[in-house]
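First comes the structure, then the notes that go with it.
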Amino acid sequence: LGPSLESSSGQVATGDALRGRRAVALYFSAHWCPPCKGFTPKLAEWYAGGLREKGLEVVFMSADNDEDQFAAYFKEMPWLALPFKARQVQEQLAKKFRITGIPALIILDGETGKVITREGRMAIGQDPTGESFPWRPRPPAEMLAAARLIAGDGRALTLAEASQGKRALALYFSAHWCVPCREFTPQLVQRYTSVLRDKGLEIIFVSWDNVEEDFKRYFQEMPWLALDFADRNLSQALGAAFGIRGIPELVVLDEDLQVATTRGRTAVDVDPMGEELPWRRKAVQDLAHSPEPGLSDVPTVIVFCETQDREAQLAFEEALRPVAQRYLDKQKAEDEELPDFSFVLCKTSGGICGKVRGMLRLPALPPEPHAHPLVQDVNHHGWGCDGCGCDSTETCERWTCSQGCDFDYCANCHERAGLAVEQMPPVLAIMDMPHGNVFYTAAPGAPITTAAVDQFLADYAAGSLERKLLSD
């Protein structure tokens, strides 16, 4: 936050202003934002009405366009503010905490500075008197322990009964009104009934429907359990705990009810037979399979090896694994929300892999053929090419999977798919979206070994690598 903060009486030393505070809330807001203008008076009332006395401090992180707007807006606030001139600090913190919209309230531990919750607005809105201050999220097992679960025949079950003999428990956030949910649910039903249920997966439908009748109709299509619709607070709390921003989403817990993956939809698509259930996060992930954390969350070490054979790709994975595991171990030991780096392999040429290759200005490759034949589709609405990324807003001819997969190519990618390409040397790179949308590449043709990756990261930390802007 820097050496000093603004208060109603002038500048104060940051350390003095925050000393003894049990929690510090970073309030990302702006004078021009109508939702902010609606939330700020409420927050001020709650803050003055008891939250400050309980040990909460709030620091306004302005997204205003000029200092006059900042000053006028800050007069309405009874707390502290980051000086308007400290724009770089505000931008860095917005990136660090992945602020994509305002108002946003990030609550930190006043002693350690670690994130307590990113859902500060919801936490305070549901508990404005601070009965649960500082609103530390409960572990999933604790939240679900008292949940009332129901089966399709109306039977009530406890969590212990639902998870008995199961290898994994998946929370399916979905709703009847959501078109992507309605498309994904039949696929999940088919995979669950044919394989995954017998492999030890239980699913709990966490409804985001607005009315109970919609919930009941939708639940009739599902062969698994559901969280009682009446428990809306728990539904919201689970969504906040897992950072659910959109649906459908599938969060998978292991047999100890610890989070195995928040990318359950991708896991089911990649491993429909459940061979790797409960799909715990790997140290080295495949870029094509929605790695977690995401590319925008942390700097990501990438090995581009699309034209290499399987043996070479496995060797690159082995070279990355010890380094990647060290960062995961460090994250766990320090109880950090995210690791310092993520590690992925880029092994295919289509979809996100092709897009990322283009962002790093590497030579384009023909997309790979889809597993099933494609057929021309006259429906030109709401689709995107899984090869080059063009979509229905452009003049693209659509070719879609004949077997019903969520897969499309434009005419150009359909024609080029599977074209032969000469083997190209692998490329070791760091894609750093959180720190300025930049990237760094190792020397072309350099061997990719564990020692080489360690040195590459050391050079990154020393600032000795050439910094290049990502292409749009």
Side-chain angles (χ1 to χ4, degrees), residues 1-33 36 39-40 43-44 46-48 51-124 130 133-137 296-299 331 334-340 432-436 461 463:
L1 291 175
S4 63
L5 297 171
E6 298 279 355
S7 74
S8 58
S9 57
Q11 289 204 342
V12 293
T14 301
D16 294 338
L18 302 182
R19 186 171 293 115
R21 298 283 89 188
R22 290 177 60 195
V24 176
L26 303 184
Y27 181 39
F28 293 85
S29 184
H31 184 273
W32 50 260
C33 166
C36 298
F39 180 68
T40 296
L43 182 59
W46 299 332
Y47 174 82
L51 294 181
R52 188 183 192 289
E53 186 177 340
K54 290 195 172 185
L56 176 70
E57 190 52 84
V58 179
V59 180
F60 171 38
M61 313 292 291
S62 174
D64 287 301
N65 298 317
D66 58 56
E67 194 161 6
D68 288 341
Q69 286 186 354
F70 161 80
Y73 192 26
F74 184 44
K75 286 180 180 178
E76 304 173 16
M77 304 176 182
W79 45 70
L80 306 173
L82 183 74
F84 185 78
K85 290 183 171 61
R87 304 296 294 167
Q88 187 173 5
V89 175
Q90 190 270 353
E91 291 170 0
Q92 290 173 345
L93 290 171
K95 288 180 180 177
K96 175 181 175 65
F97 297 119
R98 308 193 294 281
I99 303 300
T100 57
I102 55 175
L105 200 65
I106 308 296
I107 300 179
L108 310 177
D109 186 293
E111 182 176 346
T112 66
K114 294 185 183 300
V115 175
I116 292 177
T117 178
R118 294 178 181 275
E119 304 295 337
R121 284 182 64 199
M122 179 183 294
I124 293 180
F133 177 78
W135 307 290
R136 297 185 188 279
S296 61
D297 297 331
V298 297
Q331 175 196 4
E334 297 178 358
D335 192 27
E336 292 290 347
E337 185 182 15
L338 296 170
D340 293 336
D432 193 355
M433 296 184 73
H435 302 115

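Excluded from the calculations below are hydrogen atoms, water molecules and symmetry mates; all remaining heavy atoms, backbone and side chain alike, are included.
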Is the distance from the ring center of Phe84 to that of Phe74 below 6.0 Å?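 Ring centroids of Phe84 and Phe74 are no less than 6.0 Å from each other.
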Reported [atom1]-to-[atom2] distance for the pair [X] and [Y], which is rounded to 0.5 angstrom:
{"X": "Lys95", "Y": "Ser296", "atom1": "NZ", "atom2": "OG", "answer": "11.5 Å"}
{"X": "Ile102", "Y": "Met61", "atom1": "CD1", "atom2": "CE", "answer": "12.5 Å"}
{"X": "Ile106", "Y": "Ile99", "atom1": "CD1", "atom2": "CD1", "answer": "4.0 Å"}
{"X": "Asp335", "Y": "Lys114", "atom1": "CG", "atom2": "NZ", "answer": "5.5 Å"}
{"X": "Ile107", "Y": "Arg118", "atom1": "CD1", "atom2": "CZ", "answer": "12.5 Å"}
{"X": "Leu82", "Y": "Phe28", "atom1": "CG", "atom2": "CZ", "answer": "9.0 Å"}

Hey, does the side chain of [X] reach the backbone of [Y] with a donor-acceptor pair shorter than 3.5 angstrom?
{"X": "Lys54", "Y": "Gly130", "answer": "yes"}
{"X": "Gln331", "Y": "Glu337", "answer": "yes"}
{"X": "Ser7", "Y": "Leu80", "answer": "no"}

Between [X] and [Y], what is the shortest heavy-atom contact and its length?
{"X": "Thr14", "Y": "Gly2", "answer": "OG1-O, 2.7 Å"}
{"X": "Pro83", "Y": "Gln11", "answer": "CG-NE2, 4.3 Å"}
{"X": "Thr117", "Y": "Pro137", "answer": "CB-CG, 4.2 Å"}
{"X": "Tyr27", "Y": "Cys36", "answer": "OH-O, 3.6 Å"}
{"X": "Ser29", "Y": "Thr40", "answer": "OG-OG1, 4.0 Å"}
{"X": "Arg21", "Y": "Ala17", "answer": "CG-O, 4.2 Å"}

Are any of the side-chain heavy atoms of [X] and [Y] separated by less than 4.5 Å?
{"X": "Trp79", "Y": "Val59", "value": "no"}
{"X": "Arg136", "Y": "Asp109", "value": "yes"}
{"X": "Leu1", "Y": "Leu93", "value": "yes"}
{"X": "Tyr73", "Y": "Gln69", "value": "no"}
{"X": "Trp46", "Y": "Val58", "value": "no"}
{"X": "His435", "Y": "Pro299", "value": "yes"}

Worked check of side chain to side chain contact (heavy atoms under 4.5 Å, CB included) between Leu105 and Leu26: CA-CA 6 Å; Leu105 200 65; Leu26 303 184; over 6 Å; no
Stacked cation flag Arg121 on Phe39, 6.0 angstrom / 45 deg: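 Output yes; distance and angle both within limits.
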The criterion is side chain to side chain donor-acceptor pair (under 3.5 Å); which residues satisfy it with Arg52, sequence neighbours excluded?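 Arg52: side chain to side chain donor-acceptor pair (under 3.5 Å) contacts with Tyr47.
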List for me each residue that meets salt bridge (charged side-chain N to carboxylate O under 4.0 Å, His left out) alongside Asp16, sequence neighbours excluded, and say none if there are none.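 Only Arg19 meet the salt bridge (charged side-chain N to carboxylate O under 4.0 Å, His left out) criterion with Asp16.
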Quick one: which residue pairs count as a salt bridge (charged side-chain N to carboxylate O under 4.0 Å, His left out) with a foot in residues 79-92, not counting sequence neighbours?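 Every salt bridge (charged side-chain N to carboxylate O under 4.0 Å, His left out) pair that includes a residue of residues 79-92, provided the two are not neighbours, is Glu67-Lys85.
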Should we say atom CD of Glu334 is surrounded by more than 12 heavy atoms from elsewhere, each under 6.0 Å from it?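 Counting neighbours around CD of Glu334, more than 12 heavy atoms of other residues, nucleotides or ligands fall under 6.0 Å, so yes.
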